[in-house]
Amino acid sequence: MGDKFTNENNKRFTLRIDKDLFRQITESARENKRSINKEIEYFLRKYYRKELK
C-alpha cells in the first residue's frame with residue numbers, strides 16, 4: 001500500500017546525490033522540459049537499454 005501521491009506502479013524512495021551532479025541533472029531537465037525525477041528516470045532507462053543489448 002502506497003501513499004496518496006504515489007502511483008501503484010511507482011516506488012518512492014530517498015536519493016542522496018552529489019550537489020554538483022544534482023545541478024547538472026537540474027540543468028538538463030530544464031533544457032529537456034522534464035521534471036528532475038523524469039530526467040533521472042530517462043538517464044536510468046537509457047543506461048539500462050544500452051547495457052542490456
Side-chain angles (χ1 to χ4, degrees):
M1 182 169 180
D3 58 58
K4 65 182 181 178
F5 302 106
T6 305
N7 179 315
E8 68 181 39
N9 295 322
N10 293 326
K11 173 71 175 145
R12 182 182 281 233
F13 70 99
T14 301
L15 175 65
R16 289 174 184 83
I17 190 169
D18 176 82
K19 65 181 178 180
D20 292 328
L21 179 57
F22 185 78
R23 181 187 49 77
Q24 290 175 316
I25 293 169
T26 301
E27 289 174 13
S28 179
R30 185 178 16 250
E31 290 170 6
N32 293 313
K33 296 178 176 39
R34 286 192 273 262
S35 68
I36 294 167
N37 183 70
K38 289 297 181 186
E39 192 71 3
I40 292 169
E41 264 189 63
Y42 170 79
F43 286 129
L44 290 171
R45 288 183 191 280
K46 185 176 175 181
Y47 173 82
Y48 280 105
R49 274 195 294 265
K50 180 179 176 184
E51 288 299 309
L52 296 175
K53 285 185 176 180

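By convention here, the first residue in the shown sequence is residue 1.
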> Got a sec, which residues hit side chain to side chain contact (heavy atoms under 4.5 Å, CB included) with Asp20, two or more places apart in sequence or on another chain?
Replying inline: Asp18, Arg23
>> List the residues meeting side chain to side chain contact (heavy atoms under 4.5 Å, CB included) with Gln24, not counting sequence neighbours, and say none if there are none.
In response: Leu21
> Is Phe43 linked to Leu15 within one hydrophobic cluster, defined over Ile, Leu, Val, Met, Phe, Trp and Tyr using a side-chain heavy-atom separation of less than 4.5 Å?
Replying inline: no
> Can you name the side chain to side chain donor-acceptor pair (under 3.5 Å) partners of Asn32, sequence neighbours left out?
Replying inline: Ser28, Glu39
> Under the side chain to side chain donor-acceptor pair (under 3.5 Å) test, which residues partner Arg16, sequence neighbours left out?
Replying inline: none
>> Could you check whether atom CZ of Arg45 has more than 12 heavy atoms from other residues, nucleotides or ligands sitting under 6.0 Å from it?
In response: no
> Would Lys38 and Glu41 satisfy salt bridge (Lys or Arg N to Asp or Glu O under 4.0 Å), going step by step from the backbone distance to the final call?
Replying inline: CA-CA 5 Å; Lys38 289 297 181 186; Glu41 264 189 63; 3.5 Å; yes
> Taking atom CZ of Arg30 and atom CD1 of Ile25, what is their separation to the nearest 0.5 Å?
Replying inline: 13.0 Å
> At what distance, to the nearest 0.5 angstrom, does CD1 of Ile40 lie from CZ of Arg34?
Replying inline: 11.5 Å
> Which pair of heavy atoms, one from Ser35 and one from Ala29, lies closest together, and at what distance?
Replying inline: O-CB, 3.8 Å
